[in-house]
A.B. asks: 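Please find one structure pasted underneath; my questions will follow.
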Amino acid sequence: MKDVLLEACKLAVEEAEKRGASEAEALGLYTRVLTAKRGLRGIEEFSSSESAWLGVRVAVGRRVAIYAATGLDRRSVESAVEAALRIAKASSEDRDWRGFPRRLGFTRVEGVYDRATAEATAEEVIERLEVLSSSIRGAKLVEAGLAARVSHAAIVNSYASGLYRSSTSAFCWAEAIYEEAGQQSTGAEHDSARRLSDLKIEEVGRIASERAKRFLRAKPIETGMLDVIFINKQAAAIVQLMISSAVSALEVQEGRSPLRDKVGEEVASENFTVIDDGTLPRGVGSREFDDEGVPTRRSVVIERGILKTFLYDSYTAFREGRESTGNAHRAPWSRPRPAPNNLVVEPGRGGLEELVEEVRKGLVVYDTIGAWLSNPVSGAFTATVSQGMLVVNGEEREPVKGVIVVGNFWEMVKQKLATVGGDLAHVGASYSPSLYFRDLTIAGR
């Protein structure tokens, strides 16, 4: 696959330059995914899919365009080049265009490719899915699923002969239901990793079962101000939602970030440090180079509450006369945008139980819905608690649901963040320990 991708990319760049492009870039991607799903009646779905894409980006002076083809043969390559050039010539000039990156390279990253996962068979995926399904005990299975993926990518531009990378990933999830005395409750859990063997399959099933039973009689509590602990995975999801776009240089430059003009300022509590690390061993978002071929790196974004930097691709970096941080992300058919690779909240101390012991009266949030209603541009945060536990004098007492946590995220992490836990976990490529906030507004009954 390496030779096929590189040759297609090289051909695209050569053809683009022959036909009038000032400079050109080609991104080749091949992906294979095995997915299995199981319900009450056994395996309900199995699919094996393969896709190959070639994304061609050309510049004619300062007129830039992208076109993607679903093939790597010469005819597909030439058609993509012709289309990209046609679009570019009809486009208006981009005054901020400074060209493609010229200093491409490669960072060594451990554990992003696993041969066993890349060569996984249908039988292996289904066997692991059965283990996951059987780990749901004391509750009924609603659905469980497992997927294994291998990806190969190549990048060539007018200034570099070519880069190539391979990666693997795996994902599993489970949902269970518990019924008693005419009432029912569901519980769900998921996990992702670079290797099939690293998936916490039995833990996923166990947690889904336990939550289905534990939150059976959950109900709203009264409106008020309470201490709130977001468990690690919930915190990771919130960090992804509220911080990822805020630290993107594109969002900053376009006036859509609440952190604009705040580099060097205190934006969070001194116990809050956020790092973007594209080199994290086995990190879900780790990679040797970004989607423009720029080497990935470790960037301290917020250090002990002080905003240190934003994340850049080459376009946003060149706008400010600086270097890309290796954070370009793109699909073959879209232009690159800067985004985190692995966004990591540096862990502090203690597990969830230790944080709960600090609470006189509060709420532990295990799951939420509707957080997408939050506004990363303003920092306004809102989420409906679908599974939570009321805490009284350091003990979890009764299940809670149907209340809404509201606030401004940046005020929360600056003024109300009491403790950063030590129990690091991740949702996708966002990593966080449990986070304990004091005096958040709870809209309940």
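Count residues from 1 along the sequence.
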A.B. asks: Do Arg330 and Asp290 have side chains that approach each other closer than 4.5 Å (heavy atoms only, starting at C-beta)?
C.D. replies: no

A.B. asks: Just wondering, more than 12 heavy atoms not from Lys416 lying within 6.0 Å of its NZ?
C.D. replies: yes

A.B. asks: Could you check if a side-chain atom of Ile404 sits within less than 4.5 angstrom of a side-chain atom of Val385, using non-hydrogen atoms only?
C.D. replies: no

A.B. asks: Out of the candidates Glu45, Glu130, Glu44, Glu127, only one should pair with Arg38 under the salt bridge (charged side-chain N to carboxylate O under 4.0 Å, His left out) rule; please name it.
C.D. replies: Glu130

A.B. asks: Work out which heavy atom in Leu311 is nearest to a heavy atom in Ala339; give both atom names and the distance.
C.D. replies: CD1-C, 4.2 Å

A.B. asks: For the residue pair Asp277 and Tyr431, confirm or rule out a side-chain donor-acceptor distance under 3.5 Å.
C.D. replies: no

A.B. asks: Are the side chains of Arg62 and Arg98 in contact, using a 4.5 Å heavy-atom criterion?
C.D. replies: yes

A.B. asks: For a 4.5 angstrom cut-off between non-hydrogen side-chain atoms, does Thr325 reach Arg297?
C.D. replies: yes

A.B. asks: Would you please test Asn271 and Thr419 for side chain to side chain donor-acceptor pair (under 3.5 Å) and show each step?
C.D. replies: CA-CA 8 Å; Asn271 60 358; Thr419 308; 5.8 Å; no

A.B. asks: Sub-3.5 Å donor-acceptor pair from the side chain of Arg445 to the main-chain atoms of Pro220, do we have one?
C.D. replies: yes

A.B. asks: Between Val252 and Thr316, is a side-chain contact (heavy atoms from CB on, under 4.5 Å) present by the stated rule, with each step listed?
C.D. replies: CA-CA 10 Å; Val252 173; Thr316 54; over 6 Å; no

A.B. asks: Tell me which one of Tyr30, Trp333, Tyr67 satisfies ring pair (Phe, Tyr, Trp, His ring centres under 6.0 Å) with Trp53.
C.D. replies: Trp333

A.B. asks: Under 3.5 Å, is there a donor-acceptor pair between the Arg211 and Gln387 side chains?
C.D. replies: no

A.B. asks: Indicate whether any N or O donor in one side chain lies under 3.5 Å from an N or O acceptor in the other, for Asn232 and His426.
C.D. replies: no

A.B. asks: For residues Glu203 and Asp191, determine if any side-chain heavy atom of one lies less than 4.5 Å from a side-chain heavy atom of the other.
C.D. replies: no

A.B. asks: List the atom pairs, donor and acceptor, that lie under 3.5 Å between side-chain atoms in residues 105-119 and the rest of the protein, sequence neighbours left out.
C.D. replies:
from, atom 1, to, atom 2, distance (Å)
Thr107, OG1, Thr296, O, 2.9
Asp114, OD2, Thr117, N, 3.0
Asp114, OD2, Thr117, OG1, 2.6
Arg115, NE, Glu119, OE2, 3.0
Thr117, OG1, Leu196, N, 3.0

A.B. asks: Holding to ring-ring contact (aromatic ring centres under 6.0 Å, His included), I want the full list of residues that pass it with Phe171, two or more places apart in sequence or in another chain.
C.D. replies: Trp173

A.B. asks: Compare all side-chain heavy atoms of Leu424 with those of Pro433 and state whether any distance is below 4.5 angstrom.
C.D. replies: yes

A.B. asks: So do the side chains of Glu266 and Lys414 get within less than 4.5 Å of each other, counting heavy atoms only?
C.D. replies: yes

A.B. asks: I'd like a table of donor-acceptor pairs (distance under 3.5 Å, sequence neighbours excluded) in which one partner is a side-chain atom from residues 391-399, with atom names and distances.
C.D. replies:
from, atom 1, to, atom 2, distance (Å)
Glu396, OE1, Arg214, NH2, 2.3
Glu396, OE1, Tyr366, OH, 3.1
Glu396, OE2, Tyr366, OH, 2.9

A.B. asks: Find the distance between OG (Ser151) and CZ (Arg287) and round it off to the nearest 0.5 Å.
C.D. replies: 12.0 Å

